[in-house]
Amino acid sequence: MSPADLLDHPPVFQLKGSMLAITVLELAHNDLECLDRQLAATVAQAPSFFSNTPLILALDKLPDSEDTLDLRALMALCQRHGLRTLALRASREQDLRAAMALNLPVLPPSGARERSIDPSDTTPSSSAAKQAENSALTESIEKAEIAAVADVRPSKVITSPIRGGQQVYAQGCDLIVLAPVSAGAELLADGNIHVYGPMRGRALAGVQGNLQARIFCQQLSAELISIGGHYKVAEDLRRDPLWDQAVQISLTGELLNISRL
Amino acid sequence: MSKILVVTSGKGGVGKTTTSAAIGTGLALRGHKTVIVDFDVGLRNLDLIMGCERRVVYDFVNVVNGEATLSQALIKDKRLENLYVLAASQTRDKDALTQEGVEKVLTELKQTFEYVVCDSPAGIEKGAHLAMYFADEAIVVTNPEVSSVRDSDRMLGLLASKSRRAEKGEDPIKEHLLLTRYNPERVIRGEMLGVEDVEEILAIRLLGVIPESQAVLKASNQGVPVILDDQSDAGQAYSDAVDRLLGKEIAHRFLDVKKQGFLQRLFGGRP
């Protein structure tokens, strides 16, 4: 292959940074039996949330005094309840070794970003303070983002395909879809809509009148897009040069802007 | 462990009954005790395709209503030891079926049969709903044209949200895509959707591609499931699909245009 050929080929990949809201299971005690029971109770309340939910296992809040944790058993337990472990957040030496043995990625211990900072707490990393904070809870499941800004509602995250005839409404929050959206399906959100798959249905963001809402999609093949009631149908959309491409859609005045992502 | 398999599509006339007959017969051929149940009450066809229409005494509705026992209503296939048919009623309509009644019959069938193949009626109303409600696996039959694909997509949505498995929060129904009446020449001419197009839109596992074939119509009229015609391309394609359903990895066939021989080109004979 000549250098000229190489120049002719467009790049095959692109590296991108992305912020995702993800479920973190923070373990306060090394008691798998107890965790199993409590997790079962939590799952019973929202079975649909716990199906193939990606999960970060956080062991960095485990007191140093606790015994070595059986990481493999813990992951199997989570899997049974529909939680799929993506990575580990840990600081203890033995946990890091266990993660390495299982070929599991390790994230740095929880920083200040996802914790509400208490100004009076001058030593946020002191294990005594952490232990006191956690003593009431055996385990807590939290959306990392809730803690950061208390009044933000968690986004509605959909991981299975949305088929024609189905309607999903994210009330008072963003809607994130990690699967294809078929023609005839309808996505509604009071906030933004993100679709990480082909978007062939209808997407209506800011349905309660939020004109700041935006729609992000990886492949714009939509039947209709609307922000705060200002809409465009496929007939107009498919004339856009960005049809079938990764775009974001926002509203300026009464005009829907489609721009490349 | 016995399995309930539904053959469904949303759209009518795409080949659900042909497929039910072929897949059911294929499973029985491979030694699995199988029953095919016709859910199309009022428009029964399965018995014709299976060639047992003259032996129907009692039907599905009779069993649901307790007017006959299962053993009275089950029709044994004359060709295969392991194959039975439960015919639909021609004189009633789909309201004659109730969820409790269907559940009772299916539970009873599961005790004796390895596979219960449910031939769904077209549409998304009561009959189609009851046919898929108790299913463990679904074969979604689709023709390579846009309206059939859209209806299949709708049906996949219902399978994922309105089935017993979905309502109880169990593992979802395993979905298979079966593309029927496929004609590679018309795909090349741009008159028909290609396999990749349909797979991309529906995003489920492809169980098989059945080529458009004269053999299907012939088989239907003779009351012989087309899978028994092992000389025909459609019969072979169904046979591959059954093997894939049972977990075998087989390459897809009949996706490309057949090369015509010199003599065929000369005399314009149809392949």
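Letters go in sequence order (proteins before strands), and every chain restarts at 1.
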Response to the item:
The side chain to side chain contact (heavy atoms under 4.5 Å, CB included) partners of B:L217 (sequence neighbours excluded) come to B:N221
Practice prompt. State which residues pass side chain to side chain contact (heavy atoms under 4.5 Å, CB included) with A:V233; sequence neighbours excluded, sorted by chain then number.
Written response: A:L224, A:Y231, A:E235, A:D236
Item to complete: Answer with side chain, backbone, both or neither: which region of A:P161 has an atom nearer than 4.5 Å to a non-hydrogen atom of chain B?
Response: neither
Just by distance, which donor-acceptor pairs between chain A and chain B come in under 3.5 Å?
from: A:R163; atom 1: NH1; to: B:D153; atom 2: OD1; distance (Å): 3.2
from: A:R163; atom 1: NH1; to: B:L202; atom 2: O; distance (Å): 2.7
from: A:R163; atom 1: NH2; to: B:L202; atom 2: O; distance (Å): 2.9
from: A:G164; atom 1: N; to: B:D153; atom 2: OD2; distance (Å): 2.5
from: A:Q166; atom 1: NE2; to: B:G157; atom 2: O; distance (Å): 3.2
from: A:S182; atom 1: OG; to: B:D153; atom 2: OD1; distance (Å): 2.6
from: A:S182; atom 1: OG; to: B:D153; atom 2: OD2; distance (Å): 3.1
from: A:R200; atom 1: NH2; to: B:E200; atom 2: OE2; distance (Å): 2.9
from: A:E223; atom 1: OE2; to: B:R150; atom 2: NH2; distance (Å): 3.4

Worksheet entry | Residues forming a side chain to side chain contact (heavy atoms under 4.5 Å, CB included) with A:P54, sequence neighbours excluded | A:I22, A:L86
